[in-house]
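Heads up: the structure comes next, in structure tokens.
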Amino acid sequence: MNVMTAEKPSIYSLSFEDLQQWCLERDIRKFRAEQIFRWIYQRRASSWDAMTDLPVALREQLDQELVFHQSEVESHQVASDRTEKLLLKLRDNEFVECVLMREPSRNTICISTQVGCAMGCVFCASGLAGLTRNLTTAEIVEQIARLVQLLDDEEQLTNVVVMGIGEPLANLQNLLPALDRMQESIGWNFGTRRVTISTVGLPEKIRQLADLGKRYTLAISLHAPNDELRNQIVPTNQKIGIKAILDAADYFLETTGRRVTFEYILLKGVNDSREHAHELANLLRGRSTLVNLIPMNDVSLLSLKGSTQQAARDFVDILQKAGLTATVRKRKGADIDAACGQLRLPKVRDRALQELQTQKS
Ligand code: SAH
């Protein structure tokens, strides 16, 4: 790749207003901006050439000045339940993953926000090699666009979960403009309620998100009913503590009127006993919340295992009897390593092994 190509801005870095400005500066008639924007976001074009009603000269100019896709598809897996997973190679040869999950009445995509992750959760493949960098807004939008391009013409995107690689609230500055892009009415026109942002629980950022006045759905990865255990499995908790997270969650509910989801990964012999379930029920009692229990996906390099189905059933039962709304997450794409960070892992295996070695010594 030569330097010129590397410096070309991505089409996905431009909002509709930016694109109008871009046209204005080049004496291109204003309606072209709308035409191009519709091609990309509504007509799911995947190249300039697809924009058949644009003059060839304009298509050439677009191609010279802007990059369509910055990433390359390193691998594209399709599971037997039609879950599709992309491993994208970025311009600096780093990798991220994103997933499309189909259900009869909904099509959900899962997107990444960082290359790697700094949070260090002990069961997670994404953070094994630490954090490399934040994704740009264009890189986040491009993942969405690439997944939308995988849909059949009659299929619509219904839900977005920001649960891929990285900690979304540690990259709010680039994530929020990407989500704003989703809302643009002449583009995807996608409602904020159908976007779920999953966080390890960064209280200040949760408050900041609440104050935006948007109606995003917030999910908090709690994973333990007390600080002693949470410090072990979500190491970043040592600096935060569950109380501060619950206070921020209450603030989110008061400010936005949106119920917060708590995610709880079930790890065999670690946090899945009946006692843990009772303790979790006590912790969340009285809160208007949903508890989403996540069976752990196996991660190569890690010896932790998911709970048995019986343990998961007992756990959910205790929570429900205590009056909480609790569900066990369905597994999608089990035959394609859909656990997030799993596809990228072989690419960063040496770095990951080194990190694990340092942690042990
Ligand atoms: N950093 C954010 C979002 C990315 S992870 C967060 O912590 O929420 C999205 C969800 O997947 C989190 O709940 C995370 O704990 C969970 N997760 C990570 N590794 C997993 C694994 N191996 N199996 C099942 N869930 C996992």
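Both counts, for ligands and for their atoms, begin at 1 and track the order of listing.
For the pair Arg207 and Tyr251, the distance from NZ or CZ to the six-membered ring centre is under 6.0 Å and the angle to the ring normal is within 45 degrees.
Close contacts of ligand 1 with Ile265, meaning ligand atoms under 4.0 Å from a residue heavy atom, involve 20 (C), 21 (C), 23 (N), 24 (C), 25 (N), 26 (C). Numbered from 1 in the order shown, with element, the atoms of ligand 1 that lie under 4.0 Å from a heavy atom of Phe123 read 15 (O), 17 (N), 18 (C), 19 (N), 20 (C), 21 (C), 22 (N). When each atom of ligand 1 is checked for a heavy atom of Ile294 under 4.0 Å away, the hits are 13 (O), 24 (C), 25 (N). Proximity to Val200 (heavy-atom distance under 4.0 Å) selects the following atoms of ligand 1: 6 (C), 7 (O), 8 (O). Heavy-atom contacts of Ser221 reach the following atoms of ligand 1: 6 (C), 7 (O), 8 (O), 12 (C), 13 (O), 15 (O) (cutoff under 4.0 Å). Remark: ligand 1 atoms within the under-4.0 Å shell around heavy atoms of Gly166 are 1 (N), 2 (C), 3 (C), 4 (C). Atoms of ligand 1 found under 4.0 Å from any heavy atom of Gly164, numbered from 1 in the order shown, are 4 (C). The atoms of ligand 1 that sit less than 4.0 Å from any heavy atom of Cys124 are 18 (C), 19 (N).
In terms of polar-atom proximity, Val299 is not counted as a contact of ligand 1, lacking any N or O under 3.5 Å from an N or O of the ligand. An N or O contact shorter than 3.5 Å is missing between Arg329 and ligand 1 by distance. Annotation: Pro295 places no N or O atom under 3.5 Å from an N or O atom of ligand 1; distance criterion only.
A 6.0 Å sphere centred on CZ of Arg349 holds no more than 12 heavy atoms belonging to other residues, nucleotides or ligands. Summarising the local packing, CD of Gln309 is surrounded by 12 or fewer heavy atoms from other residues, nucleotides or ligands at distances under 6.0 Å. Counting non-hydrogen atoms of other residues, nucleotides and ligands closer than 6.0 Å to CD of Glu17 gives a total of 12 or fewer.
Among residues two or more places apart in sequence or in another chain, the side-chain hydrogen bond (donor to acceptor under 3.5 Å, both in side chains) test is passed with Lys89 by none. In this structure Thr136 satisfies the side-chain hydrogen bond (donor to acceptor under 3.5 Å, both in side chains) test together with Glu139, sequence neighbours excluded.
Within the 4.0 Å heavy-atom cutoff, Glu167 counts among the residues contacting ligand 1. In this structure, Gly306 does not count as a contact residue of ligand 1, since none of its heavy atoms falls inside 4.0 Å of the ligand.
Using a 4.5 Å cut-off on side-chain heavy atoms (C-beta onward), Val200 and Cys121 make contact. Using a 4.5 Å heavy-atom threshold, the side chains of Gln183 and Thr192 count as touching. Looking at heavy atoms from C-beta onward, Leu246 lies in side-chain contact with Leu284 at the 4.5 angstrom threshold.
Nearest to atom 15 (O) of ligand 1 by heavy atom, out of His223, Met296, Glu263, is His223.
Under 4.0 Å from ligand 1, the heavy atoms of Thr199 that appear belong solely to its backbone.
Residues Asp180 and Lys214 are paired through a salt bridge, judged by an N-O separation under 4.0 Å between the basic side chain and the carboxylate.
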